[in-house]
Amino acid sequence: MLDSRFDPSAAEARLYKRWEELGCFTPSMDTAAEPYCIVIPPPNVTGVLHMGHALNHTLQDVLVRFERMRGKNVLWQPGTDHAGIATQMVVERELAKEGKKRTDLTRDEFTAKVWQWKAQSGGQIVEQDKRLGVSADWSRERFTMDEGLSAAVRKVFVQLYNEGLIYRDKRLVNWDPHFQTAISDLEVENRETPGHMWHFKYPLAGGETYEYMEKDEDGNVTLRETRDYISIATTRPETMLGDGAVAVHPEDARYAPIVGKLCEIPVGPKEHRRLIPIITDEYPDPDFGSGAVKITGAHDFNDYQVAKRAGIPMYALMDERGAMRADGAPYAQEAAAAKKRVDTWLDLFDPSGAGRFHSPAGETAPEDVSGANLVPDAYRGLDRFEARARVIADITADGNAVMVEGEDGAMVPLVEDKVIMQPFGDRSGVVIEPMLTDQWFVNAEELSKEARAAVADGRTDFVPENWSKTYFNWLDNIEPWCISRQLWWGHRIPVWYGRSLSGDPNTLVITYNEQLGPVDGRQIFCASSESEALELAAEYARKELRLDEVDAFVSDESTVNRIDMTNSGQVPFQYPIVQDPDVLDTWFSSALWPFSTLGWPDKTKELETFYPGAVLVTAFDIIFFWVARMMMMGLKFGPKGADSKPMVPFKHVYIHALVLDEKGQKMSKSKGNAMDPLELIDEYGADALRFTMARLAGMGRNIRLSRQAVEGNRNFGTKLWNAARFCQMNECANWDGELDPAALTEPVNQWIAGEVAAAFAETTAALEAYRFDDGAGAAYKFVWNTFCDWYLELIKPLLNGEDEEAKAETRRVAGWTLDQILKLLHPFMPFITEELWGALAEHGPARGDVLMRQSWPRLGSAYVNPAAAAEMDWVCDLISEIRSFRADLGVPAGAKVPMTLVGAPRANRERLTRHHAAITARARLETARAEPAAPEGSVTTVVGGASVALRIADLIDVAEAKARLDKEVAGLNKELAGLSKKLANPNFIAKAPEDIVAENRQRLADGEVRVDKLAAARAGLDAL
RNA sequence: GGGCGGUUAGCUCAGCGGUAGAGCACUACGUUGACAUCGUAGGGGUCACUGGUUCGAUCCCAGUACCGCCCACCA
C-alpha cells in the first residue's frame, strides 16, 4: 500500500540513479528510428543552477522524454562553456585569497590553476541538473576547451583567416579597463547615468576675433558679439588633450567665418598648448550645445568616424587601465614637434571653402603621433575620473570656462546636469573606454548573409515566429565582430608572428606589447598548430631570405620559439616566431557547439546521425550572442546536406520567456529576489518545479514565478498520488497492458477511454507546437477534473457493487487509465510518475521496464465512443445541476432528498436507471425516479429539457427558490431576446455561415424550452 | 531615433471574428472509506480609449493614451 504522500527527497535520487544505470539517457542508435537531437545551451562552467536554467532545461527535458517515448533515437547533448572572463575572474578571486595576483604567475601556471579549479569545483551545475531530472546523455558531456572542440575552433579560425573573413585591424573598440581587454559590442550595457556637460572656450589662434551671431527662426538677430573663441560643450573634458579638431556643421552660419582657422586646446602648460583646426562635418547638430564639437578620434565612436572622414589624427591618451598615459616623451619636447606638425596640416587644409583636409592619395594627412606625448606631466598616471576633475579645475582657473549668471547674480561656470547614456562592461560593471587598438575581427556582415537567408526561406524557423524580426533586425545592421580578448583563459588565437623579412630593414622589428600584442613589422602565420605555423614560417623564410643576409636575422631573443633551418643544407639560422597572446571571445567556440560537440571536423557517426538538431531551446537574450552566430558558423562549416551546401544547425529555434519574480522583476542576487531552484526542489520536489515551469511557459516574453504556483503544482502531484492510492486500494490494475475499447460495456468506462485518447491528442499536439503550457494544462485538466473529479467518483458504486463483471471491467479500465496518465505526465513529472509506475507493480501487473522507456500511446478514434460520451455528459450535467440547485437553495449538504425526473425522453430515463447508484451518491439523493408528474412538495429545476423535481419544500426558503428561478429566467430571457433579434436580421440570415445560423436557432429553441420549464417550476412554487 | 511587444476577473495570464476562460485569491457549505496539499457550490469582467471594416469585433484595420523590452544615440 502506498503511503499517503509522495516523498520526493527519498525517491528522486534513487530513481535518477536507476535511469542512469539502465542507460536510459543514451541514444538508442536504432537506425530505423528517426533521430532527434537537442544541444543544450552550455551553461558557464562557473555556473550554478538558476531559475533560467531550470526553465530552459525543464523544457528541453520535456521534449526529449516525450520524443524518446515516441520511439525516436534521441540525443540530448550536454556540456559546459569555458566562459573566458567569468572563469578567469573566479580563479583570480581564489588567488586573491592567497594574496596573489594573476600576474604573479606565468601564463602557463595560471591556466593550469584554472584547469585545477575546474576539476575541483567546476561544473557543479551538472549535479544540480540531475536533481531537476535532466536526462541528457552525460556520457557525452563536452567542454568548450576540450581538445576536440579546441581543434574545431582552430580549424574554423584558420579557414576564415585564409578566406579573409577574419582580419586584424586597428579600430576603436570597447575596452574594459577592469579586465583590461577588448569586448564586443554585445558585452556593453548602455545605462542612463546622471552626468554633466561642461562648456569651455577654445581661444582662436593668435587672438583672432570674429562676429558671432545667433538668429531666431524668423531670421532676426538675437545675439551679436565679437568673440575670440569658439564654445565647446563636452561630457568628457579629460579627453580634450587628445582633440584633433573642432567640427561644426557646414551650414552653420555662426561659425562660417572661422572655418579653416585654428583654435587652441585650453589645457596644459600655456606656452605649449596645441592648436587644432576648425573643420566642417555633417555630424554636429547645430541645435545641440554650442553646435561645435571637439573631435577626439581615439576616445569616442562618433568622433572616430568624423576623424576618419576628415583625416584628423587620433591620439590615444589612456593606458589599458583607463588612466592617463605616463609613458610619453617629456611634454615640452613634444610641444615643439607639435607646432611643426600643425604647419604641415595647414598646408594640407583646403581653403576653398569645403572646410576639410585634402587627402589626395586617400591617406590620412597629418602624421600620427603618440597620444602619450600629449599628456602634460601634471596629468600623467591620473585615473580618467581624477584627470577629468583636474582638467575642469584648471580650465576654470584659467578663465576659459563659459560663464553664466548664477542664482545669486554672480557669474558661475556653465555646467549642465544631464542624463547621459554611459557604456558599462556587462561583467565588470566599470565604464567602458573606447580604445584605439589592434584587434581581430570577423567579417560578420559576410557571414550574416546566409544566416539571414536560412531563416528567411524557412530552413530554420523561430517559435514564436516574430522573433525572426529581432534576428533580421540585428543581422541587417551587423558590425564587425571583435573576437580577440586580452585574457589568459580561453582559446588562444592560432596566429604566430615573425619578423617581416622584406622591405626596409628598419621595420624589421617586432614591437611586442604585452597588452596590445605585436604591433609592427610582423609577418602573420595563421595555422591550426604551432608546428604548422613553424612550417609556414620556414617556407616564408626560405622564400624571402637570401643566403648572404642570413646573419642579420639571427635572433637574440631567447624566450620565443625558434626554428632551426638549414638553407640549402649549409648555413644554419634562426627565425623566431611568437604566438599572439590573445584569446578568442567565448562565443566564438559556442558558435560551433552544434557540430563541434558531435565530433566535427571528424566525420563521425554522431555528426551524420544527429546534425542538424531538431530544435534549439533558448531565451531571447542570447539570440544575438549565440543563435545568430551558430547560424553563421553552421552555414559555413556544418555538414553538407543534399544540395552539398552546409546545413543549418537546427530546424527550429524555440524562444522561451525570461523567469521573473512574482512582481515581474528580473531575478538577481544583488536585488535579493532570486529564487533558488534547488531550494524549491528541496521543499516541493523537482516535479512540482518542472510542472510549474511547463505550465508557465507560454508564448509571452516573461513569466512570473511564485512559490505559491510551485506549491499548487506540488498539490497536483499529491492529488495524482492519492488517485493512484485509491486505484491500488480498489485493486484497479490493467494486467496485460492492453485495452480493447470495443469490448467495454460500461458507458463510464467507454467514456473515459475516449477522454484518455483526447488528452493524449491534445498534449501531443501542444508539445509538437512547443506549447508547453497547453500540453501541461491539458494533462492537468484531464487528471484532476476528468479522472479524479468525475471518473473515480462515478465508478465507486461499480467498485463496491455486486456486478462482478462490471467490477472487473472497471478495475481494468481504471488501472489502464492510470497507467496512461503516468505516461502522459512523465515528460513533465518524471519522478512521481516513475515511482508510481514501479509501486503499482507490487500488487499489479509486472511492468517489464521503467516508465521512462514505455512508448507514448497512439490512441485512435476507436477509443472514442460518442454515445457513451453523450450519456456521461448528461449524467454529469444532471448531478451538477442538482448540486448547484441544492446549494443555492440552502439544502443542508448532508441531507439526502428524493428526486423525480419529469418529462424526460426514454433514453434519459434509461440513463437514470443505469447510473442510479452514481447519481444518488454524487447528488446526495435519497431516491431517483422517473415519473410522469412531480410529486407534492417538490421544487423543480431543469436539465436537458426535462424537469428535475426535488422534494425539498420543507428544507428551504421558498422565497429564495423563487428568487433563484426568477434570476435565471431573467438572464435567459435577455439572451433569448438577443438571439431573436439576431435571427430576425435578414442580413444575418443571408450572410452568416449556415452552421452559425443553425446553431443560433438551436440555442433559441433550447432556451425557449428551458424558459417554459422554469416558468412551470416557478408556478409550482407559487402553488406551495 | 529604429524595432518588438503589452493593456481581458482582486492578482498572474490564456483565448481570438459567432454564448468571455484558467490558476491563485475571495465567500458559503462540507471530515461522503483516495486526497483538507481535499470536496461542493458561488460571487467577480462596458476584454484601455476612439474611429473603421463586417450580418456580427475582446479578436481584424487605423489612430490615441499609458506600460514594458531590445538596439542605436547629441558632443
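Chain naming here is simple, since letters A, B, ... match the order of the sequence lines and numbering starts at 1 in each.
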Could you check which of [options] has an atom nearest any side-chain atom of [X]?
X      : options                : answer
A/T235 : B/rA41, B/rA72, B/rA75 : B/rA75
A/Y780 : B/rA34, B/rG23, B/rA72 : B/rG23
A/N715 : B/rA75, B/rU37, B/rG3  : B/rU37
A/N722 : B/rC35, B/rA25, B/rC13 : B/rC35
A/F620 : B/rA75, B/rG5, B/rC69  : B/rC69
A/N730 : B/rA72, B/rA34, B/rA75 : B/rA34
A/R771 : B/rA14, B/rA75, B/rU40 : B/rA14
A/R704 : B/rU12, B/rG39, B/rC4  : B/rU12

**Request:** Using Watson-Crick or G-U wobble geometry with both distances below 3.5 Å, tell me the partner of B/rA41, or none.
**Result:**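 Paired with B/rA41, as far as the under-3.5 Å criterion goes, is B/rU27.
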
**Item:** B/rU12 - base-pair partner by Watson-Crick or wobble geometry, distances under 3.5 Å
**Value:**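 Partner of B/rU12: B/rA22.
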
Kindly say whether, by distance alone, the side chain of [X] makes a donor-acceptor pair under 3.5 Å with the base of [N]?
X      : N      : answer
A/E793 : B/rA34 : yes
A/K469 : B/rC4  : no
A/R714 : B/rU37 : yes

**Item:** Separation of B/rC38 C1' from A/L792 CG (nearest whole Å)
**Value:**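 Whole-Å distance recorded here is 14 Å.
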
**Short side-chain N/O contact to B/rG23 OP1/OP2 from A/K781, under 4.0 Å** =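 Answer no for this pair, as no side-chain N or O of A/K781 is under 4.0 Å from OP1 or OP2.
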
**Request:** Can you measure from CD1 (A/I821) to SG (A/C788) and round to the nearest 0.5 angstrom?
**Result:**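 One gets 7.0 Å once the value is rounded to the nearest 0.5 Å.
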
**Asked** Want to settle it: does A/G289 or A/C788 sit nearer the 5' end of RNA chain B, counting the closest nucleotide to each?
**Response**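 The residue closer to the strand's 5' end, by nearest nucleotide, is A/C788.
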
**Prompt:** Taking the six-membered ring for Trp, are A/F624 and A/W474 parallel (under 30°), tilted (30 to 60°) or perpendicular (over 60°)?
**Reply:**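 Plane angle under 30°, so parallel.
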
**Message:** Protein within reach of the bases, or only the backbone? For nucleotides 27-33 of chain B, mark each nucleotide 5' to 3' as B, S or -, using heavy atoms under 4.0 Å.
**Reply:** --S--B-

Indicate, with a heavy-atom threshold strictly under 4.0 Å, whether [X] touches base, sugar-phosphate, or nothing.
X      : answer
A/K418 : sugar-phosphate
A/D303 : nothing
A/D285 : base
A/L979 : nothing

Kindly give the atom pairs (protein nitrogen or oxygen, nucleotide nitrogen or oxygen) under 3.5 Å for nucleotides 42-47 of chain B.
from, atom 1, to, atom 2, distance (Å)
B/rG42, OP1, A/S884, OG, 3.1

**Message:** Taking the side chain as everything from C-beta on, heavy atoms only, tell me whether A/I265 gets closer than 4.5 Å to A/Y202.
**Reply:**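 Side-chain contact under 4.5 Å: yes.
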
At a cut-off of 3.5 Å, list every protein nitrogen or oxygen paired with a nitrogen or oxygen from nucleotides 18-21 of chain B, distance to 0.1 Å.
from, atom 1, to, atom 2, distance (Å)
B/rU19, O4', A/R1003, NH2, 3.4

Cationic tip of [X] above [Y] ring, under 6.0 Å, 45° of axis:
X      : Y      : value
A/R191 : A/F424 : yes
A/K796 : A/F726 : yes
A/R452 : A/F472 : yes
A/R695 : A/Y780 : yes

**Request:** Give me the one residue out of A/W467, A/Y471, A/Y770 that meets ring pair (Phe, Tyr, Trp, His ring centres under 6.0 Å) with A/F462.
**Result:**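 Running ring pair (Phe, Tyr, Trp, His ring centres under 6.0 Å) over A/W467, A/Y471, A/Y770 with A/F462 returns exactly one hit, A/Y471.
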
**Request:** Classify the side-chain pair A/T817/A/D819 by whether it contains a donor and acceptor separated by less than 3.5 Å.
**Result:**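 No, A/D819 and A/T817 have no side-chain donor paired with an acceptor closer than 3.5 Å.
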
